[in-house]
2 protein chains.
Amino acid sequence: MSDKLKLANQVCFPIYTLSKEVINHYRPLLKELDLTYPQYLVMLVLWEEGEQNVSTLGAKLNLDSGTLTPLLKRLANKNLIERNRKATDERVVSITLTAQGKLKKKAAQSIPSKIASSLNVSTADLAQLKKIIDQIITQINKEK
Amino acid sequence: MSDKLKLANQVCFPIYTLSKEVINHYRPLLKELDLTYPQYLVMLVLWEEGEQNVSTLGAKLNLDSGTLTPLLKRLANKNLIERNRKATDERVVSITLTAQGKLKKKAAQSIPSKIASSLNVSTADLAQLKKIIDQIITQINKEK
DNA sequence: CCTATTTAGATTGTGCACAATTTAATCTTG
DNA sequence: CAAGATTAAATTGTGCACAATCTAAATAGG
């Protein structure tokens, strides 16, 4: 097996492992906010960009309606968001933050720094990791 | 400050995204073998190291019995593995490959090269990615 | 011994991820 | 305008991930 083959083989498992580890580090922090990691991602988009369709959320987070529909129903049950069909196009469901959903942003402010210190990795390493991964993801998206 | 809550500035989201992308690249290849990615990981360990307990498998793949028990039942239903209580310690379940399970290794030989070319990333990038991720995982494991 | 503790794995329950299909609304084109 | 195509979201079904709990077996310590 060539070095490249071996490497590809040996890099996919660490990526999968790291992703789970990172989410496991988020879990206790997000539990205090009564959010899961994917729910937190949805909230991030809404806090930053405001009202979204299910499909724009899906495009930004790489999730389909099969994942988002039940997730958004759970966020709505917690009174963090509202789901409303648009009058101008009844196929589209508009997702907006409730007052409670907007408020939750305050409680989330401390998460990034807590994660950074809990991962216990240097800022330089994280920056480098982000750079390479963003490169690879850009490459992958090009193929679509 | 609140910049940290922006999706674009997060490292964790790209890690999570990349992990899903990589597994999505495996999916069509593994479908031909009638395996999922976690099932493939179990088979890799068995092909490489032979007979395993549920708990040694779990330690190597970072999965608990709640995930492994049903997964191993599915592999057993496909006649790729056998699950047997050990006579010397009835708490322990020994996982061994069936003849069919051993045979499947041949069909899996082509997967790494297909993944390597499908990911379309340079060897240098992969090497650097692996180096940083391994570093971080080592760091994380130290804390346990 | 024999009881208390520990260990291995199974079970239960929640939630995510994704493929495949369905439903309803909108758009397109003849 | 009507029929067919397209689109957005929901639904259905499978499988993974993980917390919490349970069961049975093994071990330890009195």
Side-chain angles (χ1 to χ4, degrees), chain A residues 13 16-28 30-43 52-78 81 83-95, chain B residues 12-13 16-43 52-59 61-78 80-81 83-95:
Chain A
F13 176 63
Y16 157 81
T17 299
L18 180 61
S19 173
K20 289 195 303 168
E21 281 293 348
V22 167
I23 292 174
N24 287 342
H25 274 72
Y26 270 100
R27 206 180 312 279
L30 291 176
K31 192 174 184 184
E32 291 177 37
L33 306 192
D34 190 28
L35 291 175
T36 65
Y37 184 67
Q39 287 168 13
Y40 171 67
L41 293 178
V42 167
M43 295 303 285
Q52 301 282 319
N53 299 340
V54 173
S55 54
T56 57
L57 269 177
K60 283 164 188 171
L61 301 177
N62 305 299
L63 295 170
D64 68 6
S65 68
T67 301
L68 281 174
T69 297
L71 185 158
L72 293 169
K73 281 182 183 172
R74 284 187 281 271
L75 287 179
N77 283 341
K78 299 183 209 181
I81 64 166
R83 303 160 66 237
N84 297 109
R85 295 266 166 195
K86 282 212 167 144
T88 52
D89 185 342
E90 291 277 351
R91 291 170 305 180
V92 176
V93 170
S94 160
I95 309 296
Chain B
C12 301
F13 177 60
Y16 156 81
T17 300
L18 181 59
S19 173
K20 290 195 304 169
E21 281 293 345
V22 167
I23 292 173
N24 287 343
H25 275 72
Y26 271 100
R27 205 180 313 279
L29 306 178
L30 291 176
K31 192 175 183 185
E32 291 177 37
L33 307 192
D34 190 26
L35 291 175
T36 65
Y37 184 67
Q39 288 168 13
Y40 171 66
L41 292 177
V42 167
M43 295 303 286
Q52 301 281 320
N53 298 341
V54 173
S55 54
T56 57
L57 269 178
L61 301 177
N62 305 299
L63 295 171
D64 68 5
S65 68
T67 301
L68 281 174
T69 297
L71 185 157
L72 293 170
K73 281 182 182 172
R74 285 187 281 271
L75 287 179
N77 283 340
K78 299 184 210 182
L80 298 177
I81 65 165
R83 303 161 66 238
N84 296 110
R85 295 267 166 196
K86 282 214 166 140
T88 52
D89 185 341
E90 292 277 351
R91 291 172 304 181
V92 176
V93 170
S94 161
I95 308 295

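Within every chain, numbering begins at 1; the chains are lettered A, B, ... in the order of the sequence lines, protein sequences first and strands thereafter. Note that the structure is a prediction, hence the values are computed from the model and not measured.
In this structure, A:Arg91 and B:Leu63 both approach DNA chain D, and ranking their closest nucleotides by distance from the 5' end singles out A:Arg91. For the pair A:Pro38 and A:Thr88, both in contact range of DNA chain C, the more 5′-proximal nearest nucleotide belongs to A:Pro38. Judged by closest nucleotide on DNA chain D, A:Asp89 is the one of A:Tyr16 and A:Asp89 placed further toward the 5' end. In terms of position on DNA chain C, the residue among A:Gly66 and B:Ser55 whose nearest nucleotide sits closer to the 5' end is B:Ser55.
Within the 4.5 Å cutoff, the side chain of B:Val42 has heavy atoms near those of the B:Leu68 side chain. Using a 4.5 Å heavy-atom threshold, the side chains of B:Thr56 and B:Ile95 count as separate. With contacts defined as side-chain heavy-atom distances shorter than 4.5 Å, the pair A:Ile81/A:Met43 qualifies.
Each of B:Ile23, B:Val22, B:Leu18 was checked for a side chain to side chain contact (heavy atoms under 4.5 Å, CB included) with A:Tyr16, and the lone residue meeting it is B:Ile23.
Atom CG of residue A:Leu41 and atom NZ of residue A:Lys60 lie 13.5 Å apart, to the nearest 0.5 angstrom.
Here D:dC18 is the nucleotide among D:dC18, D:dA25, C:dG9 with the atom lying nearest to any side-chain atom of A:Asn24. Comparing C:dA20, D:dC18, C:dA10 against the side chain of A:Lys20 picks out D:dC18 as the nearest. You'll find that the side chain of A:Thr69 is closest to D:dA9, out of D:dA9, C:dT26, C:dG9. Nearest nucleotide to the side chain of A:Val93, out of D:dA19, D:dG15, D:dA10: D:dA10. Nearest to the side chain of A:Thr67, among C:dC18, D:dC18, C:dA10, sits C:dC18. Taking every side-chain heavy atom of B:Asp64 into account, D:dA19 is the closest of C:dA17, C:dT7, D:dA19.
Regarding A:Leu30, its CG atom lies at a distance of 15 Å from the C1' atom of D:dC18, rounded to whole Å. Between A:Lys78 atom NZ and C:dT14 atom P the separation is 13 Å, expressed in whole Å. Taking atom CG of A:Leu75 as the reference point, atom P of C:dG15 lies 11 Å away to the nearest angstrom. The distance between atom NZ of A:Lys31 and atom C1' of C:dG15, rounded to the nearest whole Å, is 14 Å. Between B:Leu72 atom CG and C:dT11 atom C1' the separation is 15 Å, expressed in whole Å. The CG-C1' distance, from B:Asp34 to D:dT14, rounds to 12 Å in whole Å. Going from atom CG of A:Asn62 over to atom C1' of C:dA17 covers 12 Å, rounded to whole Å. Distance, A:Arg83 CZ to D:dA9 C1': 9 Å, rounded to whole Å.
Contacts of A:Lys73 with the nucleic acid, taken as non-hydrogen atoms under 4.0 Å apart, involve only primed sugar atoms and P, OP1 or OP2. Contact annotation for A:Ile23: no contact, since no heavy-atom pair falls under 4.0 Å across all strands. B:Leu68 comes within 4.0 angstrom of nothing in the nucleic acid, heavy atoms only.
In this pair, A:Tyr26 and A:Tyr40 present their aromatic rings tilted. The plane angle is within the 30 to 60° band.
Counting atom types as modelled, A:Ser65 pairs no side-chain N or O with a base atom of D:dA8 as donor and acceptor under 3.5 Å.
Contact check, A:Arg85 against D:dA8: no side-chain N or O comes under 4.0 Å of OP1 or OP2.
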